[in-house]
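This report concerns only the one structure given below.
Both counts, for ligands and for their atoms, begin at 1 and track the order of listing.
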Amino acid sequence: MAHISEREHDLPDAVIAKLLRIAVEDKSVVSLGPGEPDMNMPQPIIEEVKRCASKSNHYSPPGGRIELREAIVKKLKKDNNIDANPDNIIVTTGSQEALLLATACSLDVSEQVIIPDPSFLGYLPTFELFNAFPIALELKPEDNWNINPDAMKKLIDKKKTKAILINSPSNPTGNVLPKKILEEIADIAVDNNLYIFSDEAYEKLIYDKKHFSIGALNGMKNNVVTLQTFSKSYAMCGYRVGYAVGPSPLIEAMKKIHIYSTLCAPTISQMVAVKALSLNKSYIDKMVNEYDRRRKMIVKGLNQIGLDTVTPNGAFYTFSDISHLSDDSFKFSYDLLNNGKVAVVPGREFGRFGEGFIRCSYATDYKKIEEALRRIDRFVSKTS
Ligand SMILES: Cc1ncc(COP(=O)(O)O)c(C=O)c1O
């Protein structure tokens, strides 16, 4: 008998995994599915992996090696204008673990957290796993996918709401929240005594705009948990290393649960992460320039095909309107995969307000994106 808990049953199945499996197995498919960089890690990081290989077989102290936490303190000051010390930083197995720990330590059963919708598909199940209650804040293309602070205020329940999650630059919309909106969100959090979980996974992958960390705003030290990662900026997804900086009591609590979840982030990844933080900016600039070149091409192409697409200012995704062609983004994506041989992610994967859209990732070779656009064009012409 295979008993599976109700907790697991209640979690949504990630359709993206199924779609991407088909995309990988069928070599004739061009995939705009993946949510990870297609580029290699910078060469100095590869060299550092070799150098550390024989010295990294031990567990690290739970919460992170001190050398890395000290390097993160400097990075947070320099890049994000956040004042931290090694004690209010926890290094985790990717930033996804940091969100999971923050949830476990700050939200009791049925307490509410406001999340943007559409947003990263990892959020909702994480909150549901801990029986917290996510409240969807609708984002709209006509607002450039920005959060509307007045709409956010209306969702707050004085007794039940405990946290707000924000993600800038955003997956899947590419939105970068302007400082003014961040200030309004900060005021809402302070007035209502809420945590802000600020997911900044794509902080370095940004075009035309500047990334601003809400944790840098005056008086936000006790409210903001900033989540950052090495996955996207350094193409280190597989190394599974991220971190959170936040109020010391919460970070201490997270360290306790961390011991029972993964014990520590991989030691080799933490050693290599120190090297990543010391790299010259030119390594990231090179990646960003290439994403930018693809971004300009894909946004133009999708709009020409008639799939309205707001120009993303960060990350490596476009989020395009298909509502004139289909009211079911799952079916649309499956048909496009089977008949058009292009893999994209259905918008509903990112929340109910993502219905009517598809996400394309441009973390894919330039020529492949061109081919995908030709195929989408043919498919759309036949569908409409
Ligand atoms: C918005 C966002 N946050 C967090 C993550 C998870 O990142 P990590 O590899 O640090 O766990 C992802 C991964 O795709 C993401 O898109």
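- A salt bridge does not link Asp377 with Arg374: every distance from a Lys NZ or Arg NE/NH1/NH2 to an Asp or Glu carboxylate oxygen is 4.0 Å or more.
- In terms of protein heavy-atom proximity, atom 7 (O) of ligand 1 is closest to Ser95 OG, 3.4 Å.
- Of all atoms in ligand 1, numbered sequentially from 1 with element shown, those under 4.0 Å from a heavy atom of Gly94 are 10 (O), 11 (O).
- Under 4.0 Å from ligand 1, the heavy atoms of Lys232 that appear belong solely to its side chain.
- Any N or O atom pair closer than 3.5 Å counts here, and Arg240 shares at least one such pair with ligand 1.
- Residue-level proximity to ligand 1 for Tyr202 is carried by the side chain, the only part with a heavy atom below 4.0 angstrom.
- Near Gln96, with a cut-off below 4.0 Å to any heavy atom, the atoms of ligand 1 are 11 (O).
- A salt bridge does not link Lys140 to Asp143: none of the charged nitrogens lies less than 4.0 Å from a carboxylate oxygen.
- If you check which protein heavy atom lies closest to atom 12 (C) of ligand 1, you get Phe120 CZ, 3.4 Å.
- Taking 4.0 Å as the cut-off between side-chain N and carboxylate O, Arg51 and Glu48 count as a salt-bridged pair.
- The two residues Ala265 and Ser60 have their closest heavy-atom pair at O-OG, 4.2 Å.
- By the 4.0 Å heavy-atom criterion, Tyr123 is counted among the residues contacting ligand 1.
- Neither the backbone nor the side chain of Glu97 comes within 4.0 Å of ligand 1, counting heavy atoms alone.
- Looking at Asn303, its side chain does come within 3.5 Å of a backbone N or O of Val299 through a donor-acceptor pair.
- The distance between the ring centers of Tyr234 and Tyr239 does not fall below 6.0 angstrom.
- The residues Glu370 and Arg294 are annotated as not salt-bridged, no charged nitrogen and carboxylate oxygen being separated by less than 4.0 angstrom.
- Contacts with ligand 1 closer than 4.0 Å are made by side-chain heavy atoms of Asn167 only, the backbone lying farther away.
- Contacts with ligand 1 closer than 4.0 Å are made by side-chain heavy atoms of Ser231 only, the backbone lying farther away.
- By the 4.5 Å heavy-atom criterion applied to side chains, Asn146 and Leu139 are not counted as neighbours.
- Relative to the ring axis of Tyr366, Arg293 places its NZ or CZ within 45° and under 6.0 Å from the centre.
- The shell of residues lying under 4.0 angstrom from ligand 1, judged by heavy atoms, excludes Gly242.
- Each of the atoms 8 (P), 10 (O) of ligand 1 lies under 4.0 Å from some heavy atom of Thr229.
- The protein heavy-atom contact nearest to atom 3 (N) of ligand 1 is Asp199 OD2, 2.6 Å.
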